[in-house]
Asks: 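First the structure, which I've put down as C-alpha cells, then a few questions once you've had a look.
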Amino acid sequence: MPRRRTLQDLADAAGLSLAATSYALRGVRGSPGTILRVRQLADELGYTVDPIARALASGRTGSVGVSGSLRDLWQQDLSVMLTQALRRHGRYAMIADADADPAQERTIVEQFVAQRVDGAVVSPVDPSASYWRLLDPAVAVVAIGDALTSRPGTGSVLFDNRYGVHTALAHLASLGHRRVGLLAPALTSTPGRPAEVLAVEVAGRLGLDLVAVAAPAATAEAVAVAAGLLSDPGRPTAVFCLSDSLAFAAYRAARDVGVRIPDELSVIGYDDHQLAGLVSPGLTTMAWDEDAIVDAAVGQLVGLLQDETPGAPTFRPELVVRGSTASPR
C-alpha cells in the first residue's frame, strides 16, 4: 500500500515552509501564482488533508455547521452559497435542516457541540432560545436574519425588515388595495417573528385591512392554507407572502380556485428567489443581495475565529416589480 503523502512532502516539493504551504493550500495567504502551484502539486502528489491530524495539531476540526429551514427555497440557495464561500476559506460545511421547528433546531445545536465544529452560521428558528448557549464561547457563531439574544459574542447579519415590509405593503396600497392577506411562516412554538409583527403595525398605519394566516414552510403544504384564504367570499384583493416559497403556494392556490393573477389577485413575495422571474406572471418581490450577505456572514465567522470583535451589518431589501401586482378591479 503506498505511503500517504504528508504536508511536509508537499512543502518539500513546493520549496516552501510548512506554514506557507498550508496557507497556500487553503487559499488564505500567498500570491495567486503560489496558491495555484501548491494546489497543482497537491493534485500531482495525491495529497489530501488528514482531518484528524489537522484537528490534533491545531485544536480545530475545520468544520462549520450551517443550519436553516431548508424547505424554504431561498434558505436552500443561501446554504449552498455559504458552503461554497466556506470552502474558499478552507472550511467545510455540515448542513442541517431545522425544518422551522425549535425542537429540531435544539437537536442540531447539540449535534454541532458533539461534532466539535469550529463555528456555525445559522438562520435561527428561535433566536431567543437558551439552547444557543450550549455552543462553547470558543465556537464562532454568526446568525443571519436575527441576533441570538441569549448568546453574547455571537456575530449577526441583520435584515431591515421594517423597510422591506413597509415597502411591500406600501406598493400594494399605492395600487389601490385595501384588504390584504398575509401569508406568514407557521412558527407556533416561537415568539412572533419580527416581520409578522411589523406587517400588522405597518398595515394599520397605511389603512390596510390585513388578514394574517399562518402557513407551513413547505410550499406544497401551504397551498391548502392559501386556497382557504382565497376561497372566502370576502377574500383579499392582494396577498403579501413573507417568503417566495409561500408566494409560489399562493400561485398554485389561485389556479386551483380559479382566481387570476394579477387581474383578480395581486401577489407579492419576499426574497427574490431565482424562480421569481421564471413563473408566469413574474413575481413582484423584495430582493436581497445574497452575495453580500454571504460575504458578510463568512467574513464575520473568519474574524471571530481570529478573536476579532464581530460587527452587525444590516441589509435592506429592494422592491422588484414584475407582473404579479396590479390595481384591483
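Reckoned from all heavy atoms, side chains included, excluding hydrogens, waters and symmetry mates.
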Asks: Is a donor on one side and an acceptor on the other found under 3.5 Å between the side chain of Arg252 and the backbone of Ala220?
Replies: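 Not at all, since once roles are kept as given, no pair shorter than 3.5 Å links the two residues.
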Asks: What distance separates Gln76 CD from Ser245 OG, expressed to the nearest 0.5 Å?
Replies: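 One gets 7.5 Å once the value is rounded to the nearest 0.5 Å.
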Asks: Kindly say whether Tyr163 contributes a backbone atom to a donor-acceptor pair with the side chain of Thr167 at under 3.5 angstrom?
Replies: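 It does hold such a pair.
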Asks: Give a yes or no answer on whether the side chain of Asp118 reaches the backbone of Gly62 with a donor-acceptor pair at less than 3.5 Å.
Replies: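 It does hold such a pair.
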Asks: Can you tell me how far CZ of Arg116 sits from OG of Ser63, rounded to the nearest 0.5 angstrom?
Replies: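 It comes to 9.5 Å.
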Asks: For residues Ile144 and Ile95: do they belong to one hydrophobic cluster (side chain heavy atoms under 4.5 Å, members Ile, Leu, Val, Met, Phe, Trp, Tyr)?
Replies: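 Yes, it is one cluster - the side chains of Ile144 and Ile95 are joined through contacts under 4.5 Å.
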Asks: Does Asp77 form a side chain to side chain donor-acceptor pair (under 3.5 Å) with Ser79? I'd like the steps, not just the answer.
Replies: CA-CA 5 Å; Asp77 285 0; Ser79 295; over 6 Å; no
Asks: Would you please test Ser266 and Thr237 for side chain to side chain contact (heavy atoms under 4.5 Å, CB included) and show each step?
Replies: CA-CA 6 Å; Ser266 286; Thr237 60; over 6 Å; no
Asks: Is there side-chain contact between Leu242 and Leu182, with at least one heavy-atom pair below 4.5 Å?
Replies: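 A side-chain contact exists here, since the closest heavy-atom pair is under 4.5 Å.
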Asks: Indicate, with yes or no, if Val320 and Leu73 share a hydrophobic cluster defined by side-chain heavy-atom contacts under 4.5 Å among Ile, Leu, Val, Met, Phe, Trp and Tyr.
Replies: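 Different clusters.
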Asks: Is the shortest heavy-atom distance from the side chain of Glu318 to the side chain of Met286 under 4.5 Å?
Replies: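 Counting from C-beta outward, Glu318 and Met286 never come under 4.5 Å.
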Asks: Let me confirm one number: the CG-CD distance from Asp12 to Gln8, rounded to the nearest 0.5 Å.
Replies: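 Nearest 0.5 Å value for the CG-CD distance: 4.5 Å.
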Asks: Is there a donor-acceptor pair under 3.5 Å between the side chain of Asp209 and the backbone N or O of Arg178?
Replies: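 Such a contact is absent between Asp209 side chain and Arg178 backbone.
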Asks: When you compare the side chains of Thr285 and Asp272, does any donor N or O come within less than 3.5 Å of an acceptor on the partner?
Replies: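 Per modelled atom types, Thr285 and Asp272 side chains form no pair under 3.5 Å.
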Asks: When you compare the side chain of Val200 with that of Leu210, does any pair of heavy atoms fall below 4.5 Å?
Replies: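 A side-chain contact under 4.5 Å exists here.
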Asks: Would you say that Thr284 contacts Leu319 through its side chain, given a criterion of any heavy-atom pair below 4.5 Å between the two side chains?
Replies: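 A side-chain contact exists here, since the closest heavy-atom pair is under 4.5 Å.
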Asks: Is it true that Val80 and Val66 fall in one hydrophobic cluster, defined by side-chain heavy atoms closer than 4.5 Å?
Replies: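 They do not share one cluster, since no chain of ILVMFWY contacts under 4.5 Å joins Val80 to Val66.
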Asks: Between Thr149 and Thr154, is there a side-chain heavy-atom distance shorter than 4.5 Å?
Replies: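 Not in contact.
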Asks: Quick one: does NZ or CZ of Arg5 land under 6.0 Å from the six-membered ring centre of Tyr47, within 45 degrees of the ring axis?
Replies: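 Checked: cation-pi criterion not met.
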Asks: Does Leu229 share a hydrophobic cluster with Ile268, counting links as ILVMFWY side-chain heavy atoms below 4.5 Å and allowing steps through other members?
Replies: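 No; tracing contacts between hydrophobic side chains, which count when under 4.5 Å, never links both residues.
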Asks: Passes salt bridge (Lys or Arg N to Asp or Glu O under 4.0 Å), Arg71 versus Asp99? Steps please.
Replies: CA-CA 7 Å; Arg71 286 201 280 184; Asp99 200 23; 2.9 Å; yes
Asks: Does some side-chain heavy atom of Tyr251 sit less than 4.5 Å from a side-chain heavy atom of Ile261?
Replies: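 Yes, side chains in contact.
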Asks: Just do the side chain to side chain contact (heavy atoms under 4.5 Å, CB included) check on Leu135 and Val113 with the steps written out, would you?
Replies: CA-CA 6 Å; Leu135 291 163; Val113 172; 3.9 Å; yes
Asks: Enumerate the ring pair (Phe, Tyr, Trp, His ring centres under 6.0 Å) contacts for residues 99-145, please, sequence neighbours excluded, ordered by first and then second residue.
Replies: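 Pairs touching residues 99-145 that pass the test: none.
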Asks: Between Leu230 and Leu208, is there a shared hydrophobic cluster once you connect ILVMFWY residues whose side-chain heavy atoms come closer than 4.5 Å?
Replies: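 Cluster IDs for Leu230 and Leu208 differ.
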Asks: Step by step, would you call Trp74 with Tyr270 a ring-ring contact (aromatic ring centres under 6.0 Å, His included)?
Replies: CA-CA 9 Å; Trp74 188 77; Tyr270 209 84; 9.2 Å; no
Asks: What closest approach, in Å, do Ser123 and Gln75 show between heavy atoms, and which atom pair accounts for it?
Replies: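 In this case the closest contact between Ser123 and Gln75 is CB-OE1, 3.6 Å.
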Asks: Under the criterion side chain to side chain contact (heavy atoms under 4.5 Å, CB included), I'd like the reasoning laid out for Leu206 against His166: C-alpha separation, chi angles, the key distance, then a yes or no.
Replies: CA-CA 9 Å; Leu206 292 172; His166 181 273; 4.2 Å; yes
Asks: Passes side chain to side chain contact (heavy atoms under 4.5 Å, CB included), Val142 versus Ser156? Steps please.
Replies: CA-CA 5 Å; Val142 177; Ser156 299; over 6 Å; no
Asks: Between Phe315 and Leu158, is there a side-chain heavy-atom distance shorter than 4.5 Å?
Replies: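 No - every pair of side-chain heavy atoms lies 4.5 Å or more apart.
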Asks: How close do Asp9 and Leu45 get, counting heavy atoms only, and between which atoms?
Replies: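 Taking Asp9 first and Leu45 second, the nearest heavy atoms are O-CD1, 4.1 Å.
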Asks: Can you check whether Ala292's main-chain N or O pairs, donor with acceptor, with Asp289's side chain at less than 3.5 Å?
Replies: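 Judged by distance alone, yes, a pair lies under 3.5 Å.
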Asks: Can you name the nearest heavy-atom pair linking Leu169 to Val202, along with the distance?
Replies: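 Minimum heavy-atom contact is CD1-CG1, 4.0 Å.
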Asks: Please report the closest heavy-atom contact between Pro328 and Gly176, naming both atoms and the distance.
Replies: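 Nearest pair, atom of Pro328 first, then Gly176: CG-O, 3.6 Å.
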Asks: Sub-3.5 Å donor-acceptor pair from the side chain of Ser324 to the main-chain atoms of Val267, do we have one?
Replies: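 Checked: pair present.
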Asks: Between atom CG of Asp271 and atom CG of Asp72, what is the distance when rounded to the nearest 0.5 Å?
Replies: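 CG of Asp72 is found 6.0 Å from CG of Asp271.
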Asks: What closest approach, in Å, do Thr21 and Val38 show between heavy atoms, and which atom pair accounts for it?
Replies: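 It is O-CG1, 4.0 Å.
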Asks: Verify, without hydrogens or angle tests, whether His177 (side chain) and Arg179 (backbone) share a donor-acceptor contact under 3.5 angstrom.
Replies: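 Absent.
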Asks: Looking at Asp126 and Pro102, would you say the former's side chain and the latter's main chain have a donor-acceptor pair under 3.5 Å?
Replies: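 No.
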Asks: Are His171 and Thr325 linked by a side-chain donor-acceptor pair shorter than 3.5 Å?
Replies: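 His171 vs Thr325: donor-acceptor pair found between side chains.
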Asks: When rounded to the nearest 0.5 angstrom, what distance separates CG in Leu86 from CG in Leu301?
Replies: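 Rounded to the nearest 0.5 Å, the CG-CG separation comes out at 6.5 Å.
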Asks: Tell me whether Ser69 contacts the main-chain N or O of Ala100 through its side chain, where contact means a donor paired with an acceptor under 3.5 Å.
Replies: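 Indeed, once roles are kept as given, a pair shorter than 3.5 Å links the two residues.
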Asks: Do the non-hydrogen side-chain atoms of Glu264 and Arg235 ever get within less than 4.5 Å of each other?
Replies: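 SC-SC contact between Glu264 and Arg235 confirmed.
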Asks: Please report the interatomic distance CG(Asp97) to OG(Ser67), rounded to the nearest 0.5 Å.
Replies: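 Answer rounded to 0.5 Å: 8.0 Å.
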Asks: Mind listing the closest non-hydrogen atom pair of Leu265 and Pro236 along with its distance?
Replies: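 Closest approach of Leu265 to Pro236, heavy atoms only: CD1-O, 3.7 Å.
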